[in-house]
**Q** 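Would you mind keeping the following structure in view while I ask a few things?
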Amino acid sequence: AGSGVGTAVVQLAHALGCPVTGTARTADKLERARQLGLDDAIVVASGTEPLALAEQISASGAPDVIIDLVGGPYLTANVLAAAPRARIVMVGTLAGANADFPILGAMGKRLRLFGTVLRPRSIGEKADATAAFAAEVVPLLASGAIEPIVERVFALADATEAYDLIASDSTFGKVILRPS
C-alpha cells in the first residue's frame, strides 16, 4: 500500500467505495496509507508464511478483488485469502515471478486470475486502456478524489541516488526521474 502503484490502488478503491485492506513492510507506510483511504493495515515481516498472511488478509472479511503488486508467495497467500468467486489481478513481481499455486483452493473458490502488463498490448488495446483511464480516472484526479503520491523527484543525472533511495525501502509513493 506504500508504493506508487499501491497508493494509487488504495485511493481508487476508496473512491469507488470499496473497503480497502493493504500490506506494507512498515507500520509508518500503512499509517500514511490510512490517510489515503486504507481501512485495514497489515505489516508483513520478511519471511511471513503465505498461510499466516492469508489469515491476516481475510481477518476482516475475505476480499472480492485483490490487486497483487508483489507476486511470489503473495500470490499463494492471495488465493488462500480470497472470497469465493473473487478476482485476483497480478500486476507486479517484486517478490518473484514464480509461486506455489494452490490449484484446489482456486478451483474450489472458482477464482478468476488475471495477469496484466501494458507493454506487449497492441496499439488498439493501449488506446482502449488510455480511453478508459481518461473516462474513469482523470475525473477523479481533476476533482482531487485521488492524487499522485510522489516521494521525491530527481534529476536524471542523480539516477544512482534515486535507485539507492528506492533500495532503502523507505519510500512512500513514486520516485521520479526528470530529464535535466
Side-chain angles (χ1 to χ4, degrees), residues 1-44 50 53-95 99 105-106 108-122 124-151 171-176:
S3 68
V5 175
T7 57
V9 169
V10 167
Q11 291 179 83
L12 283 167
H14 178 73
L16 294 171
C18 302
V20 184
T21 298
T23 63
R25 292 188 192 196
T26 68
D28 176 62
K29 288 182 183 186
L30 292 168
E31 192 55 41
R32 291 176 72 183
R34 283 188 188 281
Q35 297 169 18
L36 303 175
L38 183 68
D39 299 305
D40 295 312
I42 301 166
V43 176
V44 181
L53 180 55
E55 289 171 354
Q56 289 179 288
I57 291 169
S58 60
S60 60
D64 294 311
V65 177
I66 298 173
I67 310 299
D68 186 337
L69 305 177
V70 184
Y74 277 70
L75 177 60
T76 306
N78 290 333
V79 169
L80 297 173
R85 302 180 61 89
R87 292 163 286 173
I88 299 173
V89 182
M90 298 175 299
V91 177
T93 59
L94 188 62
K109 292 180 180 183
R110 298 169 318 283
L111 300 180
R112 290 172 280 168
L113 184 65
F114 303 89
T116 186
V117 292
L118 191 59
R119 184 169 288 137
R121 293 183 188 194
S122 70
E125 288 175 311
K126 289 176 184 177
D128 290 344
T130 301
F133 182 85
E136 298 171 26
V137 179
V138 169
L140 296 171
L141 288 162
S143 72
I146 64 171
E147 63 180 320
I149 306 301
V150 177
E151 173 74 23
T171 59
F172 185 77
K174 279 292 194 194
V175 173
I176 297 173

**Q** Starting at CG of L53, measure out to CG of L80 and round the result to the nearest 0.5 Å.
**A**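 L53 atom CG to L80 atom CG measures 9.5 Å (nearest 0.5 Å).
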
**Q** State the CZ-CG distance between F114 and D68, to the nearest 0.5 angstrom.
**A**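 CG of D68 is found 14.0 Å from CZ of F114.
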
**Q** I'd like to check R34 versus E31 (side-chain heavy atoms, cut-off strictly below 4.5 Å). Are they in contact?
**A** yes

**Q** Strictly distance-based, threshold 3.5 Å: is any side-chain N or O of S122 a donor or acceptor partner for the main-chain N or O of E125?
**A** yes

**Q** Who pairs with R121 by side-chain hydrogen bond (donor to acceptor under 3.5 Å, both in side chains), at least two apart in sequence or on another chain?
**A**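 Expected list: T116.
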
**Q** When you compare the side chain of S60 with that of T21, does any pair of heavy atoms fall below 4.5 Å?
**A** yes

**Q** How many angstroms lie between CZ in F172 and NZ in K29, if you round to the nearest 0.5 Å?
**A** 9.0 Å

**Q** Once rounded to the nearest 0.5 Å, what's the spacing between atom CD1 of I57 and atom OH of Y74?
**A** 8.0 Å

**Q** How many angstroms lie between atom CG of D40 and atom CD of Q56, to the nearest 0.5 angstrom?
**A** 11.5 Å

**Q** Has K174 got a side-chain atom pairing as donor or acceptor with I149's backbone, closer than 3.5 angstrom?
**A**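 Between the backbone of I149 and the side chain of K174 there is no qualifying donor-acceptor contact (under 3.5 Å).
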
**Q** Under a 4.5 Å cut-off applied to non-hydrogen side-chain atoms, are M90 and L75 in contact?
**A** yes

**Q** Taking all heavy atoms of A99 and all of G72, pick out the closest pair and write down the distance.
**A**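 What the structure gives for the nearest pair is CB-O, 3.0 Å.
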
**Q** Do the non-hydrogen side-chain atoms of P148 and L141 ever get within less than 4.5 Å of each other?
**A**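 Answer yes - side chains close enough.
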
**Q** Would D28 and L30 satisfy side chain to side chain contact (heavy atoms under 4.5 Å, CB included), going step by step from the backbone distance to the final call?
**A** CA-CA 5 Å; D28 176 62; L30 292 168; over 6 Å; no

**Q** Of the non-hydrogen atoms in I146 and A15, which two are nearest, and what is the gap between them?
**A**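 Nearest heavy atoms, I146 then A15: CG2-CB, 4.3 Å.
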
**Q** For R85, does the CZ atom sit with more than 12 other heavy atoms under 6.0 Å from it, leaving out its own atoms?
**A** no

**Q** Check whether any side-chain heavy atom of L12 sits under 4.5 Å from a side-chain heavy atom of L140, and report yes or no.
**A** yes

**Q** Does a side-chain heavy-atom distance below 4.5 Å link R87 with I66?
**A**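 SC-SC contact between R87 and I66 ruled out.
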
**Q** How far apart are the closest heavy atoms of A62 and A81, and which atoms are they?
**A**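 In this case the closest contact between A62 and A81 is CB-O, 3.3 Å.
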
**Q** Can you check whether V175's main-chain N or O pairs, donor with acceptor, with E151's side chain at less than 3.5 Å?
**A**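 No, the answer is negative, given that no donor and acceptor are paired below the 3.5 Å cut-off.
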
**Q** Check I88 against A82 and note the closest heavy-atom contact, atom names and distance.
**A** CD1-CB, 4.4 Å

**Q** Can you name the nearest heavy-atom pair linking A33 to V10, along with the distance?
**A** O-CG1, 4.0 Å

**Q** So which heavy atom on D39 is nearest to which on C18, and how close?
**A**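 Heavy atoms of D39 and C18 come nearest at OD2-O, 4.0 Å.
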
**Q** So L118 and K126, do their side chains get closer than 4.5 Å, heavy atoms only?
**A** yes

**Q** Under the 3.5 angstrom rule, does the side chain of Q11 hit a backbone N or O of E147 as a donor-acceptor pair?
**A**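 Confirmed, Q11 side chain pairs with E147 backbone.
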
**Q** Are the side chains of V43 and T26 in contact, using a 4.5 Å heavy-atom criterion?
**A**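 T26 vs V43: side chains apart.
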
